[in-house]
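These numbers come from a predicted model, not from an experiment.
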Amino acid sequence: MRLKNVPGSREAIAESEFTIKNPEELKGKWHEIFGNDNPIHIEIGMGKGAFIMEMARRNPNINYIGIEKYSSVLIRAIEKRVQEPLMKNLFFIRMEAEYIGDVFDKGEVGYIYLNFSDPWPKDRHAKRRLTSRQFLERYKGILAEGGGVTFKTDNVSLFDFSLEEVEAAGWKLQNYTRDLHNSEYNEGNVMTEYEKKFSEMGNPICRLVTTPV
Ligand code: SAH
């Protein structure tokens, strides 16, 4: 993603009631923020947040946390979020996903969504990809029993890599498709911002669902 510096975005995020400032302090205690024991689902690399906002609207009995590393992008999600102040089941964290294990306890996360994650095309950067075996290991450390990961992308190389990593990590591949919008799995699909953009350009959307064993 090309990034513009959005002046004041760091300050706005620091002041927003919808972003969690010291997420490590909530490790093991996230249910307190939501005031209930509903499952917690997260999107890592949520961008401007259209997907997770829609998921939160559709599923009021699930708690959502959107994670994004750049203030200049997160600010766009906050701008949308403030327009729905009555929504109680969605918060944001500005952080680098690598440290996810410092923020969530074992079994604390019910489900993980990865949508149009950065491809990191150079081989030497493979471990930075959010579907690498290193990241799958981190996810395993926080996922609850019965939890899993759904990953969508239009990037075929990244998708092929991800299928290999799922296998190498010993996870179970539940299902996958290389053309989500024309598949049996499309019902109930919530489109992300990138998904709209790339499918309008004619790119098929790939999706896989996997669970740690
Ligand atoms: N999920 C959105 C945005 C996709 S772009 C959509 O589908 O429309 C990928 C986003 O992930 C970018 O905003 C990028 O800043 C964020 N991101 C990439 N790597 C990350 C990481 N390691 N930790 C947190 N956010 C990350």
Side-chain angles (χ1 to χ4, degrees), residues 27-28 30-31 34 36-47 49-68 89-91 93 95 97-119 126-155 158-181 183-192 194-195 205-213:
K27 183 170 177 173
W30 280 95
H31 64 98
F34 293 102
N36 60 49
D37 284 325
N38 292 342
I40 295 173
H41 293 190
I42 68 177
E43 183 186 6
I44 303 180
M46 68 161 175
F51 170 84
I52 200 158
M53 287 271 295
E54 181 56 20
M55 293 295 277
R57 273 183 215 115
R58 288 190 190 186
N59 305 296
N61 295 329
I62 297 176
N63 295 323
Y64 290 91
I65 299 174
I67 293 172
E68 169 55 50
N89 60 333
L90 174 62
F91 287 96
I93 307 175
M95 69 173 280
E98 197 180 327
Y99 306 109
I100 198 104
D102 299 337
V103 167
F104 296 104
D105 221 344
K106 205 166 170 44
E108 199 166 20
V109 172
Y111 209 84
I112 300 175
Y113 294 96
L114 306 172
N115 294 315
F116 298 82
S117 310
D118 296 355
K127 63 177 184 300
R128 297 189 190 174
R129 299 174 193 148
L130 293 182
T131 50
S132 65
R133 62 196 76 184
Q134 290 85 353
F135 269 99
L136 291 175
E137 194 58 31
R138 293 180 184 115
Y139 304 152
K140 197 173 178 175
I142 62 171
L143 276 172
E145 198 79 42
V149 173
T150 291
F151 169 57
K152 295 196 277 193
T153 185
D154 68 320
N155 185 313
L158 180 63
F159 193 67
D160 289 340
F161 166 84
S162 305
L163 288 170
E164 284 168 23
E165 293 297 282
V166 162
E167 194 176 347
W171 285 42
K172 185 168 191 315
L173 183 63
Q174 297 290 348
N175 61 65
Y176 74 99
T177 170
R178 293 178 182 273
D179 189 2
L180 174 63
H181 297 171
S183 78
E184 59 183 304
Y185 304 114
N186 197 43
E187 204 188 311
N189 180 49
V190 173
M191 298 250 268
T192 80
Y194 273 49
E195 186 172 354
I205 306 302
C206 305
R207 192 193 80 162
L208 68 81
V209 175
T210 182
T211 53
V213 180

So, does [X] use its side chain to make a donor-acceptor pair with the main chain of [Y] at under 3.5 Å?
{"X": "K27", "Y": "G101", "answer": "yes"}
{"X": "T210", "Y": "K172", "answer": "yes"}
{"X": "S132", "Y": "R128", "answer": "no"}
{"X": "N89", "Y": "A56", "answer": "yes"}
{"X": "E68", "Y": "I93", "answer": "no"}
{"X": "N59", "Y": "N61", "answer": "no"}
{"X": "E43", "Y": "Y113", "answer": "no"}

**Request:** Evaluate the ring planes of H41 and Y111, with Trp represented by its six-membered ring, and classify them as parallel (under 30°), tilted (30 to 60°) or perpendicular (over 60°).
**Result:**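 H41 and Y111: tilted rings.
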
**Asked** Would you call the rings of F159 and F151 parallel, tilted or perpendicular if under 30° counts as parallel and over 60° as perpendicular?
**Response** parallel

**Message:** Could you check whether any side-chain heavy atom of K152 comes within less than 4.5 Å of a side-chain heavy atom of F116, counting everything from C-beta outward?
**Reply:**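 Side chain of K152 against side chain of F116, heavy atoms only: contact under 4.5 Å found.
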
**Asked** Is the closest side-chain heavy-atom distance between Y176 and V209 below 4.5 Å?
**Response** no

**Request:** Using a strict cut-off of less than 4.0 Å between a Lys/Arg side-chain nitrogen and an Asp/Glu carboxylate oxygen, indicate whether E54 and R58 qualify as a salt bridge.
**Result:** yes

**Request:** Run the salt-bridge test on R178 and D160 with the 4.0 Å N-O cut-off and return the result as yes or no.
**Result:** yes

Could you give the distance from [atom1] ([X]) to [atom2] ([Y]), rounded to the nearest 0.5 Å?
{"X": "T150", "Y": "L114", "atom1": "OG1", "atom2": "CG", "value": "8.5 Å"}
{"X": "L173", "Y": "S162", "atom1": "CG", "atom2": "OG", "value": "10.5 Å"}
{"X": "L130", "Y": "I44", "atom1": "CG", "atom2": "CD1", "value": "6.5 Å"}

**Message:** Within a 6.0 Å radius of atom CZ on F34, are there more than 12 heavy atoms belonging to other residues, nucleotides or ligands?
**Reply:**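 Yes - once you tally the heavy atoms of other residues, nucleotides and ligands closer than 6.0 Å, there are more than 12.
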
**Prompt:** Do other residues, nucleotides or ligands put more than 12 heavy atoms under 6.0 Å from the CD atom of E167?
**Reply:**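 Incorrect, the count does not exceed 12.
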
**Request:** Examine R129 relative to F161 and say whether NZ or CZ is less than 6.0 Å from the centre of the six-membered ring and inside a 45° cone about the ring axis.
**Result:**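 The answer is yes, since R129 meets both limits relative to F161.
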
**Message:** Between H181 and E195, is the side-chain hydrogen bond (donor to acceptor under 3.5 Å, both in side chains) condition met? List the steps.
**Reply:** CA-CA 10 Å; H181 297 171; E195 186 172 354; 2.7 Å; yes

**Fill in**
Only one of V103, I40, I100 passes side-chain contact (heavy atoms from CB on, under 4.5 Å) with I142, and that residue is I100

